[in-house]
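This report concerns only the one structure given below.
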Amino acid sequence: VKTGECIKTFVGHESWINSVSFSPDGRYVISGSRDKTLKLWDVETGECIRTFVGHKDWVYSVSFSPDGRYVISGSDDETLKLWDVKTGECIRTFVGHKYGVLSVSFSPDGRYVISGSEDDTLKLWDVKTGECIRTFKGHKHIVTSVSFSSDGRYVISGSDDKTLKLWVLDWELEEKEPQDWDEEARP
């Protein structure tokens with residue numbers, strides 16, 4: 001903060017980079033590009049560890065899962081893809097938007113993903129099944145940004161219609177008693 005100095009430059013994409021995200025442990029960065037790929041970078045060395053190939057058009061948005069094991073991506077090919085960080089394998093493709101997917105975000109527990117699209121909607125997805133649980137309509141133009149609240153009860157969206165919208169998720173969240181938590185368990 002004192003100097004604002006750039007300490008590292010990551011080079012490897014063949015076109016514009018649209019989205020970046022740190023892994024929860026801060027050791028890695030994922031990037032999504034107009035070259036239709038995602039790249040996993042080692043923060044310390046600046047080296048590209050892995051390239052994720054599978055989207056048929058620009059990658060607009062990328063985000064790590066809360067446990068750091070997965071990445072979700074949204075693309076102009078109208079899909080979201082769930083990737084295994086260790087192998088680079090596409091585990092699941094989420095289909096349902098009518099136009100490009102501009103923004104993606106995991107829920108705090110990693111069980112759900114929210115997406116925002118050029119089709120003016122948000123969609124809530126079950127990560128395990130790939131099923132679209134709900135479509136949110138209300139924006140009058142493309143949805144450019146989405147995010148979960150820290151407790152997973154709300155989603156905020158931003159749009160080219162110059163509005164933010166706060167959406168309540170009306171599900172009953174499973175509240176676990178403190179003794180039921182296993183700190184070593186991962187979703």
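Throughout, residue positions are numbered sequentially from 1 according to the sequence presented. What you see is a predicted model; the values in this text were computed from it and never measured.
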Shortest non-hydrogen separation from [X] to [Y] and the atoms involved:
X    : Y    : answer
P24  : P66  : CG-O, 3.2 Å
S105 : S63  : CA-OG, 4.4 Å
F10  : G46  : CE2-CA, 3.5 Å
T144 : S103 : O-CB, 3.5 Å
K81  : H55  : CG-CE1, 3.5 Å
H97  : W125 : CD2-CZ2, 4.2 Å

Could you give the distance from [atom1] ([X]) to [atom2] ([Y]), rounded to the nearest 0.5 Å?
X    : Y    : atom1 : atom2 : answer
H13  : C48  : NE2   : SG    : 7.0 Å
D76  : W58  : CG    : CH2   : 6.5 Å
L166 : S149 : CG    : OG    : 8.0 Å
I49  : I30  : CD1   : CD1   : 9.5 Å
D161 : H141 : CG    : NE2   : 8.0 Å

Assigning hydrophobic clusters by single linkage (Ile, Leu, Val, Met, Phe, Trp, Tyr; side-chain heavy-atom cutoff under 4.5 Å), is V20 placed with V43?
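As far as the 4.5 Å side-chain criterion goes, V43 and V20 are connected within one cluster.
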Same cluster (ILVMFWY, side-chain, under 4.5 Å), V62 and F52:
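The answer is yes; both residues are in one hydrophobic cluster.
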Which is it for V143 and S117 under the side chain to side chain contact (heavy atoms under 4.5 Å, CB included) test, yes or no, and what are the steps along the way?
CA-CA 5 Å; V143 179; S117 170; 5.8 Å; no
Evaluate side chain to side chain contact (heavy atoms under 4.5 Å, CB included) for L124 paired with F136, printing each intermediate quantity in order.
CA-CA 8 Å; L124 180 68; F136 300 84; 3.9 Å; yes
Within the supplied structure, the quantity of interest is the number of heavy atoms (other residues, nucleotides, ligands) at a distance under 6.0 Å from K8 NZ; does it exceed 12?
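Correct, the count exceeds 12.
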Which is it for K137 and T121 under the side chain to side chain contact (heavy atoms under 4.5 Å, CB included) test, yes or no, and what are the steps along the way?
CA-CA 5 Å; K137 297 179 181 180; T121 69; 4.0 Å; yes
For S23, enumerate each residue passing the side-chain contact (heavy atoms from CB on, under 4.5 Å) test, keeping only those at least two apart in sequence or located in another chain.
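By the side-chain contact (heavy atoms from CB on, under 4.5 Å) rule, S23 matches D25, Y28, F64.
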Output all residues satisfying side-chain contact (heavy atoms from CB on, under 4.5 Å) with E78, sequence neighbours left out; order by chain, then residue number.
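Here no residue qualifies.
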Starting from the C-alpha separation in whole Å, work towards a yes-or-no answer on side chain to side chain contact (heavy atoms under 4.5 Å, CB included) for S115 and L80.
CA-CA 8 Å; S115 58; L80 292 80; 3.7 Å; yes
Any donor-acceptor pair under 3.5 Å linking the side-chain atoms of [Y] with those of [X]?
X    : Y    : value
H139 : D120 : no
K123 : T135 : yes
S33  : W16  : no
S157 : W167 : yes
K39  : T51  : yes

Side-chain ([X]) to main-chain ([Y]) donor-acceptor, under 3.5 angstrom:
X    : Y    : value
D84  : E89  : no
D57  : D77  : no
R92  : K128 : yes
E118 : G100 : yes

Is there side-chain contact between I142 and L102, with at least one heavy-atom pair below 4.5 Å?
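Yes, side chains in contact.
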Are any non-hydrogen side-chain atoms of L38 and V71 less than 4.5 angstrom apart?
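A side-chain contact exists here, since the closest heavy-atom pair is under 4.5 Å.
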